[in-house]
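Shown next, in structure tokens, is the structure this report addresses.
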Amino acid sequence: MSQKPEVRTRIAPSPTGDPHIGTAYMLLFNYAFAKSQRGKVVLRIEDTDQARCTPESETAILKSLGWLGIQWDEGPDVGGPAGPYRQSERTDLYRSHCQILMDQGHAYRCFCTPEELAARRQERREQKQSTGYDGFCAELPSETVQANLDEAKPFVIRMRTPKSSECLLQDMLRGEIAIPWENVDDQVLLKSDGFPTYHLANVVDDHLMSITHIFRGEEWISSAPKHKLLYQYFGWQMPQLCHLPLLRNPDKSKLSKRKNPTSILYYRQAGFLPEALVNYLGLMGYTLPDEREMFTLQEMVETFDLKRIRLGGPIFDVQKLTWLNGRYIREKHSVDQLLARLTEWFLNDETWKKILPLIQPRAEKLTEILPRPAFFFADMVEYSPENLVPKSYKFQAETLPADLDQEPDPGLMTARLLRIVQWEMEKIRSWKAEALQQCFVNVAEKEGLKLRDVVKPFFLAISGSPTSTPLFESMAILGSDMTRRRIQHALDKLAETGHVISKKKEKALQEHYQKTYGPNI
RNA sequence: GGCGCUAUCGUCUAGCCUGGUCCAGGACGCCGCCCUCUCACGGCGGAAACAGGAGUUCAAAUCUCCUUAGCGCUACCA
């Protein structure tokens with residue numbers, strides 16, 4: 001009798017931004033399952049989107065997942081026999097596999113431009129038809145293809161999908177799922193820049209890396225038929241699928257950074273312990289057989305049972321996470337251990353060397369040194385929201401910003417500024433004091449205000465005090481997650497005191513913003 | 001709009017597969033009391049849920065169907 005193959009799972013983050021808490025959630029379940037079967041976990045970087053992926057993001061993901069203490073067995077940082085583990089280093093593989101599909105007639109070139117696609121999609125949307133690819137280039141005569149090729153027209157490669165019947169998928173948790181083929185369009189496999197899409201890359205890699213089980217978010221269910229088809233085209237065995245529920249915002253939508261802090265790094269900075277965060281994530285959609293709420297990663301692995309996964313999307317409740325974190329601090333640490341945790345967190349010389357240069361020029365007694373920078377070590381800072389709003393704003397320019405027809409109420413103006421800066425900050429690639437300064441100078445100029453007036457509410461929002469260490473340096477030290485968090489908090493506080501940007505005004509503001517600042521990111 | 005997934009206290013969940021032991025158990029949060037030099041911790045107690053409707057059955061939170069709602073997907077993003 002043949003031996004059962006080793007269980008291999010994978011986590012495949014895309015380095016397009018902050019390391020997301022959902023990635024940690026998926027890693028946890030991939031890990032728990034693999035280890036409960038004495039298997040291995042592979043970490044693979046899915047950086048096929050040249051426009052959005054950055055090396056900074058990859059570093060942050062590796063660092064933050066490492067911080068959580070969930071150790072993968074193979075990956076770009078630790079190596080392994082199935083490498084390279086970065087998709088951008090495997091492009092030849094995808095191209096050659098794509099060629100196989102071309103040769104077999106399972107894939108074809110598509111010369112439609114993004115504009116043409118968008119226009120036809122729009123048309124079909126208006127006719128209330130499905131908006132997937134319409135197969136325009138599926139049966140192009142070879143002369144046309146050759147002509148386009150001779151003209152060096154850019155093209156993508158699409159897979160052929162059946163037009164009738166349905167695709168039967170087997171999900172480890174949900175059983176059989178049937179999806180009609182007419183709802184599956186001819187997905188792009190190879191983009192015009194020569195990079196693969198997720199669909200091609202993940203199938204090729206999962207096979208080549210001998211992945212046996214895929215634990216991923218349920219958002220992937222609807223594209224699973226494409227994957228199954230690719231496995232069939234290649235003649236490979238498809239890994240077992242297990243779609244996990246999605247973490248949700250309090251309003252039940254998919255967890256997103258607009259509504260919740262989603263960056264793992266934020267939770268670290270806000271004072272959560274990795275083992276508490278992992279423990280809490282384990283509580284989401286899952287219970288140990290004895291229903292205990294406090295457990296280690298090891299205990300979760302030892303008792304792991306697929307049957308105990310619930311399919312309803314759990315709401316990520318920071319309050320309960322906070323309670324659990326408190327138990328870890330109180331019950332699992334001696335004073336010495338706690339001190340060590342504090343040091344490995346941020347309370348160490350390295351941090352002080354960044355902060356002290358900002359305090360020193362303003363200090364007259366040593367006793368003044370500790371209270372000022374306390375906000376660096378805080379999650380939220382406290383202040384009265386009315387202090388965020390100055391008595392008036394003095395416009396320097398002749399004309400008001402386009403979304404305003406009259407001199408605005410200062411409360412609204414403050415909210416406006418916070419919003420605009422929020423949007424502008426999204427564009428900052430390298431989170432440094434200079435870049436932040438430039439961001440604010442730019443906003444002041446475009447809004448027709450003095451820099452000092454723009455900056456004023458931010459001092460309070462960031463530090464909780466109108467007089468503080470220099471704003472841009474402080475924000476730089478605080479980091480992007482925490483800075484954004486505090487600005488959002490200020491916006492929320494303003495809203496509580498009645499300074500809400502109405503839907504209508506928000507729309508006008510966005511128009512003004514895009515016209516004067518360029519498109520949102 | 002189309003397709004798919006999901007559905008127990010406000011939230012995380014137990015129970016569902018293998019109907020009766022469930023006028024539904026635990027936890028967070030909330031409220032009250034106790035402990036106490038304050039606060040917190042801790043202890044005790046309380047309010048709080050089987051989405052709706054049909055069916056199967058002696059019996060349904062548990063099985064079946066329909067409805068409703070929520071979410072997801074519907075890109076040369078993953």
Side-chain angles (χ1 to χ4, degrees), chain A residues 12-17 20 22-23 45-53 87 110-118 121 124-133 154-158 166-167 169 171 173-175 177-202 216-226 243-255 280-294 307-327 329-331:
Chain A
S14 178
T16 54
H20 200 275
T23 308
I45 296 291
E46 308 231 330
D47 55 349
T48 55
D49 185 343
Q50 287 300 286
R52 299 198 307 149
C53 293
Q87 289 187 331
C110 166
F111 296 91
C112 298
T113 65
E115 294 74 31
E116 288 165 355
L117 290 172
R121 195 174 294 129
R124 292 153 62 86
R125 190 188 303 274
E126 277 158 18
Q127 293 168 1
K128 294 210 186 297
Q129 288 179 317
S130 82
T131 51
Y133 181 66
F155 62 87
V156 300
I157 291 177
R158 290 181 184 272
E166 56 185 20
C167 176
L169 297 160
D171 183 284
L173 261 20
R174 292 156 221 261
I177 299 174
I179 296 178
W181 278 116
E182 52 183 317
N183 292 299
V184 182
D185 68 349
D186 287 4
Q187 177 61 47
V188 171
L189 297 177
L190 213 56
K191 300 181 254 188
S192 55
D193 63 3
F195 278 82
T197 59
Y198 169 86
H199 305 285
L200 206 221
N202 109 79
R216 48 143 61 151
E218 64 179 340
E219 53 192 336
W220 290 110
I221 292 178
S222 31
S223 42
K226 297 167 190 172
H243 292 97
L244 295 169
L246 257 22
L247 259 21
R248 316 272 189 104
N249 295 311
D251 69 0
K252 293 191 191 287
S253 56
K254 172 166 132 178
L255 194 65
Y280 180 68
L281 253 15
L283 246 24
M284 304 268 82
Y286 186 72
T287 25
L288 293 209
D290 62 0
E291 265 196 271
R292 94 189 96 139
E293 298 199 283
M294 206 179 187
K307 285 213 265 314
R308 303 199 62 85
I309 295 179
R310 257 183 65 86
L311 264 13
I315 290 169
F316 191 86
D317 179 8
V318 182
Q319 231 169 7
K320 187 157 183 176
L321 166 63
T322 304
W323 162 78
L324 189 63
N325 198 62
R327 286 193 61 184
I329 288 182
R330 276 178 253 117
E331 298 172 21

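Look at CG on A:L247: it is 13 Å from P on B:rG72, rounded to the nearest Å. Distance CZ (A:R248) to C1' (B:rU13): 15 Å, rounded to an integer number of Å. One can place CZ of A:R310 at 9 Å from C1' of B:rU6, the figure rounded to the nearest angstrom. In this structure, A:Y286 atom OH and B:rA14 atom P are separated by 11 Å, rounded to whole Å. Counting to the nearest Å, the C1' atom of B:rC12 and the CD1 atom of A:I315 are 9 Å from each other. Across the protein-nucleic acid pair, A:D186 atom CG and B:rC76 atom C1' stand 14 Å apart, rounded to whole Å. For A:Y198 and B:rC76, the OH to P distance is 17 Å, given to the nearest whole Å. Between A:N249 atom CG and B:rG10 atom C1' the separation is 16 Å, expressed in whole Å.
A gap of 23 Å separates the P atoms of B:rG53 and B:rC71, to the nearest Å. The gap from the C1' atom of B:rG45 to that of B:rA7 amounts to 32 Å, rounded to the nearest Å. Comparing the C1' positions of B:rG72 and B:rC76 gives an interatomic distance of 22 Å, to the nearest angstrom. Taking the P atoms as reference points, B:rU74 lies 26 Å from B:rU67, given to the whole Å. For the P atom pair drawn from B:rG25 and B:rC16, the interatomic distance equals 16 Å after rounding to whole Å. Comparing the C1' positions of B:rC5 and B:rG46 gives a spacing of 38 Å, expressed to the nearest Å. For B:rC34 and B:rC22, the C1' atoms lie 31 Å apart once the distance is rounded to whole Å. On the P atoms, B:rA24 is 10 Å away from B:rA48, given to the nearest whole Å.
When both distances must be under 3.5 Å, the Watson-Crick or G-U wobble mate of B:rC63 is B:rG55. Base pairing of B:rA7: its partner is B:rU68, meeting the Watson-Crick or G-U wobble criterion (both donor-acceptor distances under 3.5 Å). B:rG45 is paired with B:rC31 under the Watson-Crick or G-U wobble criterion, all donor-acceptor distances under 3.5 Å. Using Watson-Crick or G-U wobble geometry with both donor-acceptor distances under 3.5 Å, B:rA75 finds no partner in any strand shown. Searching all strands for a Watson-Crick or G-U wobble partner of B:rU36 with both distances below 3.5 Å returns nothing. In this structure, B:rG19 makes no Watson-Crick or G-U wobble pair, since no nucleotide meets both defining distances under 3.5 angstrom.
Remark: the backbone N or O of A:S253 is paired with a side-chain donor or acceptor of A:D251 at under 3.5 angstrom. Between the side chain of A:R52 and the backbone N or O of A:T16 there is no donor-acceptor pair closer than 3.5 Å. No side-chain donor-acceptor contact under 3.5 Å links A:T48 to the backbone of A:F195. Put simply, the side chain of A:K320 never gets that close to the backbone of A:Y280: no donor and acceptor are under 3.5 Å apart.
Residue A:T48 has a polar side-chain atom (N or O) positioned under 4.0 Å from OP1 or OP2 of B:rA78. Distances shown here put every side-chain N or O of A:K191 at or beyond 4.0 Å from the OP1 or OP2 atom of B:rA75. For B:rC76, neither phosphate oxygen OP1 nor OP2 lies less than 4.0 angstrom from any side-chain nitrogen or oxygen of A:R52. Checking the phosphate oxygens (OP1, OP2) of B:rC73, a side-chain nitrogen or oxygen of A:K254 falls inside 4.0 Å.
Between B:rG42, B:rU13, B:rG72, one nucleotide has an atom nearer to the side chain of A:P314 than all others, and that is B:rU13. Here the nucleotide nearest the side chain of A:P114, chosen from B:rC73, B:rC76, B:rC17, is B:rC76. Closest approach to the A:L117 side chain among B:rG72, B:rC76, B:rA14 is made by B:rC76 (side chain taken as heavy atoms from C-beta onward). Side-chain proximity of A:R174 to B:rC5, B:rG15, B:rA78: nearest is B:rC5. Picking from B:rG4, B:rA78, B:rG2 the nucleotide with the shortest atom distance to the side chain of A:N183 gives B:rG2. Counting only heavy atoms from C-beta on, A:P180 has its side chain closest to B:rC3 among B:rC73, B:rG70, B:rC3.
Among the heavy atoms of the strands lying under 4.0 Å from A:T287 are primed sugar atoms or P, OP1, OP2 only; no base atom is included. Looking at heavy-atom distances under 4.0 Å, A:C112 makes contact with a base. Here A:R292 lies out of heavy-atom contact (under 4.0 Å) with every strand. Note on A:R158: only backbone sugar-phosphate atoms sit closer than 4.0 angstrom, heavy atoms only; bases stay farther off. A:L324 comes within contact range of no nucleotide atom at all, as no heavy-atom separation falls under 4.0 Å. Within the nucleic acid shown, A:V156 comes within 4.0 Å of at least one base atom, counting heavy atoms only. When heavy atoms are screened at a 4.0 angstrom cut-off, A:A178 is found touching the sugar-phosphate backbone but no base atom.
Residues A:M284 and A:E46 both approach RNA chain B. Their nearest nucleotides, taken by heavy-atom distance, put A:M284 toward the 5′ side. If A:F316 and A:D49 are placed on RNA chain B by their nearest nucleotide, the residue sitting closer to the 5' end is A:F316.
Contact of A:E291 with B:rG25 (side chain to base): a donor-acceptor pair of N or O atoms is detected under 3.5 Å. A donor-acceptor contact under 3.5 Å is not formed by the side chain of A:S222 with the base of B:rC3.
Minimum heavy-atom separation, A:P245 to A:E218: CA-OE2, 4.0 Å. Scanning all heavy atoms of the two residues, the minimum distance from A:P15 to A:D47 falls at CG-CB, 3.8 Å. The shortest heavy-atom contact between A:E116 and A:F111 is OE1-O, 4.3 Å. Closest non-hydrogen pair, A:H243 versus A:I221, comes out as CG-CG1, 3.5 Å.
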Enumerate all atom pairs, one protein N or O and one N or O from nucleotides 28-34 of chain B, separated by less than 3.5 Å.
none

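Remark: A:L244 CG to A:E219 CD distance equals 10.5 Å, nearest 0.5 Å.
Between A:D290 and A:R292, at least one side-chain N (NZ, or NE/NH1/NH2) sits under 4.0 Å from a carboxylate O, which counts as a salt bridge.
A:P196 pairs with exactly one of A:I157, A:N202, A:L190, A:L189 by the side chain to side chain contact (heavy atoms under 4.5 Å, CB included) rule, that one being A:L190.
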